K.L.:
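Take this structure first; my questions come after.
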Amino acid sequence: MQYWLMKSEPEVFGIDDLQTMGIEPWDGVRNYQARNMLRDQMQIGDQVFFYHSNCGVPGIVGIAEIATQGYPDDTALNPESKYFDPKSDPLKPRWYRVDVKFVRKLHRTISLHALRAQTSLENMPLVRKGCRLSVMPVTPAEWQTILQLE
DNA sequence: GCCAACGTTGGC
DNA sequence: GCCAACGTTGGC
């Protein structure tokens, strides 16, 4: 089983929204590195840290689980969608998504600040300045370290 | 294939 | 709202 971290802006889709929905497609990812992970690497049952970005206290707020393998992200084909990509070809999908299932909220937010304070986490892409990857792998050791901060 | 311009992300 | 960092685009 693998571990991941996925970013979302709480104003757009936060952990409370996932809790309400139970399970939701994680769509709108328009970055090739992230796309490759969604399409090729994620497996059902993988555990995910749900991260709130672009908000008052950015940080990890909950845990989710991968509920499907990667499959084409239809929002790229829908001109009505804010994620529409005119260059996407229905026969050769450019963008992929997975479904993500709510597991639980953390007792408290593990802030980016707190994550940066841990030397053992200094290799996480997340804590690097200017990291714009919205989906990234987390090592088992990092996963354990982070859970102990809860 | 280089690289400047541009757009987006995301912390602060 | 600012701006640094970075990815993408497109002219050449």
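Convention: sequence-line order gives letters A, B, ...; per-chain numbering from 1. Basis for what follows: all heavy atoms, side chains included, without hydrogens, waters or symmetry-related copies. Owing to the predicted nature of the structure, the values given are computational and were not obtained by experimental measurement.
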K.L.:
Check whether any side-chain heavy atom of A:W4 sits under 4.5 Å from a side-chain heavy atom of A:M37, and report yes or no.
P.N.:
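Side chain of A:W4 against side chain of A:M37, heavy atoms only: contact under 4.5 Å found.
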K.L.:
When you look for runs of 3 or more Watson-Crick or G-U pairs in a row, both distances below 3.5 Å, which of them include DNA chain B?
P.N.:
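The stems that DNA chain B takes part in, listed by first number, are B:1-12 with C:1-12.
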K.L.:
Once ring-ring contact (aromatic ring centres under 6.0 Å, His included) is applied, what residue pairs with a partner in residues 104-140 of chain A remain, sequence neighbours excluded?
P.N.:
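Applying ring-ring contact (aromatic ring centres under 6.0 Å, His included) to every pair that reaches into residues 104-140 of chain A, excluding sequence neighbours, yields nothing.
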K.L.:
With a 4.5 Å heavy-atom cut-off, do A:E9 and A:S53 have their side chains touching?
P.N.:
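Side-chain contact under 4.5 Å: yes.
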K.L.:
Would you call A:D85 and A:R30 a salt bridge, using N to O less than 4.0 angstrom?
P.N.:
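No, no charged N to carboxylate O under 4.0 Å.
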K.L.:
Of the listed nucleotides (C:dG10, C:dG7, B:dG11), which one gets closest to any side-chain atom of A:K87?
P.N.:
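Between C:dG10, C:dG7, B:dG11, the one nearest the side chain of A:K87 would be C:dG10.
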K.L.:
Separation of A:N54 atom CG from B:dT8 atom P, in whole Å?
P.N.:
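Atom CG in A:N54 sits about 14 Å away from atom P in B:dT8.
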K.L.:
For the residue pair A:Y83 / A:N78, report whether a side-chain donor-acceptor contact shorter than 3.5 Å exists.
P.N.:
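No, no side-chain donor-acceptor pair sits under 3.5 Å.
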K.L.:
Ignoring the backbone of A:L112, work out which of C:dG7, B:dG10, B:dG11 is nearest its side chain.
P.N.:
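Nearest to the side-chain atoms of A:L112, counting from C-beta on, is B:dG11.
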K.L.:
Does a side-chain heavy-atom distance below 4.5 Å link A:W143 with A:I63?
P.N.:
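Sidechains of A:I63 and A:W143: in contact.
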K.L.:
CZ of A:R30 versus C1' of B:dG10: gap in Å, rounded?
P.N.:
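Spelled out: CZ on A:R30 to C1' on B:dG10 is 19 Å.
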K.L.:
Any side-chain heavy atom of A:P137 sitting closer than 4.5 Å to one from A:Q41?
P.N.:
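Heavy-atom side-chain distance check fails, nothing below 4.5 Å.
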K.L.:
Nearest whole angstrom, please: distance from the P of C:dG7 to the CH2 of A:W95.
P.N.:
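Distance check: A:W95 CH2 to C:dG7 P gives 13 Å.
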K.L.:
Measure from the side chain of A:Y32, starting at C-beta and using heavy atoms only, and say which of C:dA5, C:dT8, B:dG11 lies closest.
P.N.:
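My answer, after comparing the listed nucleotides, is C:dT8.
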K.L.:
Whole-Å distance between C:dA5 P and A:N31 CG?
P.N.:
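Roughly 19 Å, once rounded to whole Å.
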K.L.:
Between P on B:dT9 and CG on A:L133, what's the gap in Å once rounded to a whole number?
P.N.:
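Roughly 13 Å, once rounded to whole Å.
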K.L.:
Without decimals, in angstroms, what is the distance between A:E11 CD and B:dG10 P?
P.N.:
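Roughly 15 Å, once rounded to whole Å.
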K.L.:
I want to check one thing: is the phosphate of B:dG11, taken as OP1 and OP2, less than 4.0 Å away from some side-chain N or O of A:Y51?
P.N.:
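For A:Y51, the contact criterion (side-chain N or O under 4.0 Å from OP1 or OP2 of B:dG11) is met.
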K.L.:
Less than 6.0 Å separating the ring centroids of A:Y32 and A:W95?
P.N.:
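Yes: the rings meet the under 6.0 Å criterion.
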K.L.:
Using a cut-off of strictly less than 4.0 Å between a heavy atom of the residue and any atom of DNA chain C, enumerate the qualifying residues of residues 115-124 of chain A by number.
P.N.:
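Nothing qualifies; none.
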K.L.:
In this structure, how many angstroms lie between the P atom of B:dG10 and the CG atom of A:L126, rounded?
P.N.:
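Result: 10 Å.
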K.L.:
Can you tell me the distance, in whole Å, between the NZ atom of A:K7 and the P atom of B:dT9?
P.N.:
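It works out to 11 Å between those atoms.
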K.L.:
Can you confirm whether A:R97 sits close enough to A:V29 that some side-chain heavy atom of one is under 4.5 Å from a side-chain heavy atom of the other?
P.N.:
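Sidechains of A:V29 and A:R97: no contact.
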